[in-house]
Each structure stands twice: as structure tokens, then as C-alpha cells.
Amino acid sequence: MDPEQNRGPNVLRGTCGGRGQVHHSQGFFTLSSTCPTCRGAGKVISDPCDTCHGHGVTEEVKTVSVKVPPGVDDGTRLRIRAEGEAGRKGGPRGDLYVFLHVQASDVFQRDGADLHLKFDLPFVQAALGCEVEIPTLGEPVKIVVKPGTQFGDTHVLRGEGIPRINRGGKGDIIVHFAITIPTKLTEKQRDALEEYAKVSDIPHKEASFFERLKEKII
């Protein structure tokens, strides 16, 4: 073995003599390139261990607990310090980046910190007014539906939405009312509505009362 290459136990200087680069002369020019033996490290492990194979690092699978702040949205990136790859030559570890995917809700439609909710309201309750229970992210909230509520009218629940990141407070829940009309009636129900049509002077012989009511609502 060339004594110039002997650098210590199991360590060789390689082709570059420990510089990590080799030089080639071409006429008046001298070109430098990465050493093909040590690949720029300046040394070569002649007898690498069976675990790391001379790289100095090993791969392992690790479970990391991540605290997700309230109000995150789809695509939010969380940075976990010092949980990434090991640094070169004993340097500090890098960071781990976690990208979040927020599953869509079957109840609400999100718009930033606000939530939109479609609420089906029977036409009798819309006409007479009532009290209904609205789902929220916590406990349900009771609201009063005013008489004469129309299709598309809204009711806003302030501060019942999603927390605003870095701003404080919460968004709102916007309730959108959809008036529902029954497709089947009992004889008693039909008689009652026919009587309502008469006293309200609503024509209902050429077209059914429900068809006209539906056209008026829509």
C-alpha cells in the first residue's frame, strides 16, 4: 500500500490525496473535478461496517407526535424541527415538514373560517315560524325561524365557525334555508290546504296547489 495514502485505521486518502478533487491539465488550463474514488469526501473507508456501509448514517422508521393547531386548512405545512435527515459528518439534523390534508365535511361547506350549512325547512314551518336546532362544531344551537321565511333566506351564527389562525376569534356559521314541499298528502292534509287556497283566493283547479306553491317559492 502506498504510504502517502495511509491516513489511519481503515481510512485511505484515495486518488485525490485527501483534497476531494483531482486536477487535470489541458494545455494552458487546469481543470478540477470531483475525485472518483472518494466522491469529494477526501477519504475512503477501506473496511466499512456492516450497518452503515461507510456512510456514517443508517435509516430508521420513527413515529413523531405532531400538534395540529386549530383552524388549519387543506395543504397547511407544519415544520417539526430537528426531526429530518441526519446532518453530514455529524452535523445537526434537518427539519421534518408535514403537509396536512383536511377531509371534507358531510354537513358543512367551508369558506375560510366560515361554514355554510343547508337546512331543509318544511313549508308550514317556514310560513308560520318555528324554533329549530342547528348543528355546530360543538353543541347544537336553537334558533328562531321568523314567519314567512323564504327559500334562500339565511341566518348567521356569529363566532360558531372555525378558529382564525394568527388572527384570533372564529368565523361564522351561515345557515341557508331550503323550503321543502311534501310529495304525498293525507286526505285531511289535502282538505286543509284546499281550504287555505280558497280563503286565500289562490286558483288551484288548472294546476295543483303544490305546483303553484313550488313555483312561487323557487
Side-chain angles (χ1 to χ4, degrees), residues 64-80 96-218:
V64 179
S65 296
V66 179
K67 184 177 180 180
V68 179
V72 296
D73 206 346
D74 194 68
T76 298
R77 186 183 73 171
L78 300 180
R79 180 183 181 185
I80 315 301
L96 170 67
Y97 289 91
V98 179
F99 293 85
L100 301 179
H101 172 66
V102 180
Q103 185 176 358
S105 171
D106 295 331
V107 179
F108 302 103
Q109 182 177 353
R110 182 172 180 175
D111 179 17
D114 295 332
L115 297 174
H116 295 266
L117 169 68
K118 177 185 175 183
F119 191 87
D120 292 328
L121 194 67
F123 80 97
V124 174
Q125 290 181 309
L128 301 178
C130 62
E131 186 178 74
V132 295
E133 214 174 52
I134 302 297
T136 68
L137 298 179
E139 295 296 325
V141 174
K142 289 185 177 181
I143 65 171
V144 175
V145 179
K146 63 181 181 180
T149 295
Q150 302 294 308
F151 182 91
D153 286 352
T154 60
H155 184 98
V156 180
L157 298 175
R158 301 292 181 187
E160 292 290 347
I162 295 175
R164 295 187 176 95
I165 298 180
N166 300 326
R167 290 176 54 190
K170 295 182 179 181
D172 304 324
I173 292 181
I174 299 93
V175 182
H176 300 260
F177 292 112
I179 311 304
T180 60
I181 298 175
T183 56
K184 293 183 180 180
L185 292 172
T186 64
E187 184 176 351
K188 187 175 181 179
Q189 289 172 331
R190 179 172 290 278
D191 291 341
L193 287 173
E194 293 287 353
E195 183 62 26
Y196 169 77
K198 289 179 183 179
V199 299
S200 302
D201 197 22
I202 300 176
H204 58 283
K205 292 183 179 180
E206 297 178 0
S208 70
F209 168 71
F210 279 105
E211 289 176 355
R212 289 184 177 275
L213 181 61
K214 185 175 182 181
E215 291 175 0
K216 185 177 179 181
I217 293 175
I218 295 176

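Numbers here simply count residues along the sequence, with the first being 1.
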[X] side-chain N/O to [Y] backbone N/O, donor-acceptor pair under 3.5 Å:
X	Y	value
Gln103	His101	no
Thr76	Val72	no
Arg164	Lys170	yes

*Quick one: salt bridge (charged side-chain N to carboxylate O under 4.0 Å, His left out) pairs with a partner in residues 138-154, sequence neighbours left out?*
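Every candidate salt bridge (charged side-chain N to carboxylate O under 4.0 Å, His left out) pair involving residues 138-154 fails, so no pair, neighbours aside, qualifies.
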*Which pairs with one or both residues in residues 114-128 pass salt bridge (charged side-chain N to carboxylate O under 4.0 Å, His left out), sequence neighbours excluded?*
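Output for this query is empty, none listed.
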Residues that [X] engages under side chain to side chain contact (heavy atoms under 4.5 Å, CB included), provided they are two or more places apart:
X	value
Glu187	Asp191
Val156	Arg158, Asp172, Ile174
Gln109	His116
Glu160	Thr136, Val141, Leu157, Ile173

_Within residues 154-174 or reaching into it, pairs that qualify as ring pair (Phe, Tyr, Trp, His ring centres under 6.0 Å) - sequence neighbours excluded_ =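 Matches after skipping sequence neighbours: none remain.
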Residue list, side chain to side chain donor-acceptor pair (under 3.5 Å) with [X], at least two apart or on another chain:
X	value
Arg167	none
Gln189	Thr186
Asp73	none

*With sequence neighbours excluded, tell me which residues meet salt bridge (Lys or Arg N to Asp or Glu O under 4.0 Å) with Arg77.*
none
*Where is the tightest heavy-atom contact between Ile80 and Val64, given as atom of each residue plus distance?*
CG2-CG1, 4.3 Å
